[in-house]
Amino acid sequence: MKKSAGCALKKNDLFELHIEALGNEGEGIGRLDGFTFFVRDAVPGDIIRARVLKLKKNYGYARVEQLLTPSSDRVAPRCPAAGPCGGCQLQHLSYEKQLEYKHNKLRDCLERIGGVQNVKLEPMIGMDEPFFYRNKAQFPVGRTRDGRPAIGFYAGRTHSIIETERCYIQAPVNEALVAAVREYLIESGAQLYDENTHTGLVRHVLTRVGFATGEIMVCMVINGTELLQAELLRQKLECAVERWNERSHGETAETAKVLAAAERSAGIPASEEAGWEDCGGMSAEQGRYAPKPAGNPVGRGNGGAAFAERYTELSAGYADTGESSGAVSAEQDTKVPADRAEVTTYRLASFCLNINTEKTNRILGSRVVPLYGEPYITDYIGPIRYRISPLSFYQVNPRQTRRLYELALEYADLKGDETVWDLYCGIGTISLFLAQRAKMVYGVEIVPQAIEDARKNAELNGITNAEFFVGAAEEVLPQQYEKSGGGMRADVVVVDPPRKGCDEALLQTIAAMQPERVVYVSCDPATLARDVKFLGENGYEFVKARGVDQFGQGGHVECVVLMSRVEK
């Protein structure tokens, strides 16, 4: 067995390792005689017996074979699939230390890559409840070894599906939706997609949940144009949602019937009912994770109850992680308006197909076919209502998104007479926040459906001082600038690019327009730091930054940076 030039060990060797730090992907880092090892599922302070997986010239990879001495910052993951599943890299680390890791990661990138000295980094804004926060899920569909339909999440760095009955970062109602889809797949005999042969029909299940509206979207991604027995699936989904509502409010079939009879005798119009016996065979067992009643035993009129009560109930029976509840300062809370109450009653508002017949790893195709309801749902961030389509980019954590956008608005420091350009605007989420305080906002986004939604969202909220352009930001902004003969200016430019960051041509145009402030919303500290360095070399100085934790239990870091123009 060949050894690494820098390490005396070889593959599969066992050795003792002390974990000293976390890497960019949340993996543990330890050193043996100066040779660096990266170890998944290890945290600083752990002493482990490790097994060598792979050796490079100057570093290697290992796995935890035995936890000899656990770190004081280690906690028991709530999810039994947290290890193999690729969704939560940090669930074994206390939430307080997760925030510290992300804060330090942002600082390190700004200093090391961005060349920023004396970084002014405000405290990370943590989550009040770092579980059950995602409003969007994408479930791959395949088969188990014994041929049953498998719905779950991909194991880390693989396309092997990890089945799980409960995901601890998704909206809990997804459990009922997935159970309904699984039952439909068994009963209908719909063919499941095989990515190796590019055959079969059902590829993914996309769900979106409106936390403030209770509207649910289920979008079936298929390798074809029609879904076998689509009406059967719609009925099962509607029944699953109704059953979830009944259980979440503590109703039984009997109390529901008694209440309905009382309503009829009182002259109250009855709501459409899908009887428990007509739920397409859904068993009580499939609803066993529905939350216990909280407060109102019947649940009618209880739709504004906070999700926190539900999540506490959903988490009952699991070991206390001993985690901090977050890192939001009292000062920050006074600056942020109260959330619209989150609902505990849901309805299936959108059932649609997404056509993806390409042989690709990309989940969604470009065509959406509505089957029931609207081809979108609506939800709120703060006071703004948004229309969200299957192809729309919309932040997955609505509670923290409000804090993120309020922070961007604070950094923009608008007085009411400014012109603002919002680049990579998506469905207008940040644009419409900015429009509340700006004279005029121009948004740019490459996805036509997103711009259509952005325009509808402006109309939905009665906002008339926002205009949107379809196209790549790195093309539209230079074109508009050139068309103006170099006379086009902006008082503030806001950018919210994908992980790859901003195109250099875009940054050059921003610098040429000479806005007073640039507000950079980033989901990748490394590309952010690279772009900060470019702007720093072209007339701008770093002022301050602050992280907002959008991804509890994961390693990604979201933040907002303020840069100001330097007078020459």
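Computed from a predicted model, the values in this text were never measured in an experiment.
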Would you check if there is a donor-acceptor pair between the side chains of Y372 and E238 at a distance under 3.5 Å? yes
Side chains of D531 and Y520: any donor to acceptor distance under 3.5 Å? yes
What distance do H204 atom NE2 and R362 atom CZ have between them, rounded to the nearest 0.5 Å? 12.0 Å
Check whether any side-chain heavy atom of M488 sits under 4.5 Å from a side-chain heavy atom of M513, and report yes or no. yes
Side-chain donor or acceptor of N354 paired with backbone N/O of G365 under 3.5 Å: yes
May I have the step-by-step check of side chain to side chain contact (heavy atoms under 4.5 Å, CB included) for I451 and C425, ending in yes or no? CA-CA 8 Å; I451 287 297; C425 71; 3.9 Å; yes
T429-Y405 side chain donor-acceptor pair, cut-off 3.5 Å: yes
When you measure from the side chain of S350 to the backbone N and O of E374, does any donor-acceptor pair fall under 3.5 Å? yes
Side chain to side chain donor-acceptor pair (under 3.5 Å) partner of T378, the single match among R387, K456, R385: R385
Are the charged groups of E410 and R546 less than 4.0 angstrom apart, N to O? no
Would you name the heavy atoms of I388 and M217 that are closest together and state the gap between them? O-CE, 3.6 Å
Under the side chain to side chain contact (heavy atoms under 4.5 Å, CB included) rule, what do V561 and V532 come out as? Steps first, then yes or no, please. CA-CA 9 Å; V561 165; V532 163; 4.3 Å; yes
Can K102 and D549 be said to form a salt bridge (Lys or Arg N to Asp or Glu O under 4.0 Å), step by step? CA-CA 8 Å; K102 295 175 184 182; D549 188 26; 2.7 Å; yes
Tell me whether the NZ or CZ atom of R234 lies within the 45° cone about the ring axis of F351 and under 6.0 Å from its centre. no
Should the ring pair F131 and Y168 be called parallel, tilted or perpendicular, given that the plane angle runs from 0 to 90° and is split at 30 and 60? perpendicular
Taking the side chain as every heavy atom from C-beta outward, state whether L227 and V202 have any pair of such atoms under 4.5 Å apart. yes
Run the side chain to side chain contact (heavy atoms under 4.5 Å, CB included) test on I430 and L409 for me, step by step, so that the C-alpha distance in whole Å, both residues' side-chain angles and the decisive distance to 0.1 Å come before the verdict. CA-CA 8 Å; I430 295 180; L409 189 59; over 6 Å; no
Grab the two heavy atoms, one from C352 and one from P390, that are nearest each other, plus how far apart they are. SG-CG, 3.9 Å
Testing the 3.5 Å rule here: is there a donor-acceptor pair between the side chains of Q550 and T401? yes
Candidate pair N397 and M127, rule side chain to side chain contact (heavy atoms under 4.5 Å, CB included), full reasoning: CA-CA 10 Å; N397 186 334; M127 299 167 61; 3.4 Å; yes
Output yes when a side-chain donor or acceptor of H198 lies under 3.5 Å from a complementary backbone atom of T360, and no otherwise. no
CD1 (I446) with more than 12 external heavy atoms under 6.0 Å: no
Got more than 12 heavy atoms from elsewhere within 6.0 Å of OH, Y193? yes
When you measure from the side chain of Q91 to the backbone N and O of Q553, does any donor-acceptor pair fall under 3.5 Å? no
Hey, could you give me the CG/CZ distance between D496 and F393, rounded to the nearest 0.5 Å? 6.0 Å
All heavy atoms of F211 vs all of Y133, minimum pair found to be CZ-O, 3.6 Å
Considering only NZ, NE, NH1 and NH2 on the basic side and carboxylate oxygens on the acidic side, decide whether R530 and D524 come within less than 4.0 Å. no
More than 12 heavy atoms of other residues, nucleotides or ligands under 6.0 Å from CD of Q191: yes or no? no
Got more than 12 heavy atoms from elsewhere within 6.0 Å of CZ, R437? no
Examine F139 together with F153 and report whether their ring centres are nearer than 6.0 Å. yes
Main chain of T199, side chain of D194: is a donor-acceptor contact present, judged purely on distance under 3.5 Å? no
Which pair of heavy atoms, one from A240 and one from A180, lies closest together, and at what distance? CB-CB, 3.9 Å
Distance-only, no hydrogens or angles: does the Q436 side chain make a donor-acceptor pair with backbone N or O of F433 under 3.5 Å? yes
Hey, does the side chain of D491 reach the backbone of T419 with a donor-acceptor pair shorter than 3.5 angstrom? yes
Any side-chain to backbone donor/acceptor pair from K136 onto Y394? Under 3.5 Å, distance only. no
Quick one: pull up NZ in K533 and CG in L535 and give me the separation to the nearest 0.5 Å. 13.0 Å
Are the side chain of D503 and the backbone N or O of A505 linked by a donor-acceptor pair below 3.5 Å? yes
Return the minimal non-hydrogen interatomic distance between L432 and A466, and the atom names on each side. CD2-CB, 4.3 Å
How about E516: does its CD atom have over 12 heavy atoms from other parts shown lying under 6.0 Å from it? yes
Closest heavy-atom pair, L348 versus V241, reported as atoms and distance to 0.1 Å, is N-CG1, 4.4 Å
What do you reckon, is NZ of K544 surrounded by more than 12 foreign heavy atoms closer than 6.0 Å? yes
Would you say R517's side chain and V492's backbone share a donor-acceptor pair under 3.5 angstrom? no
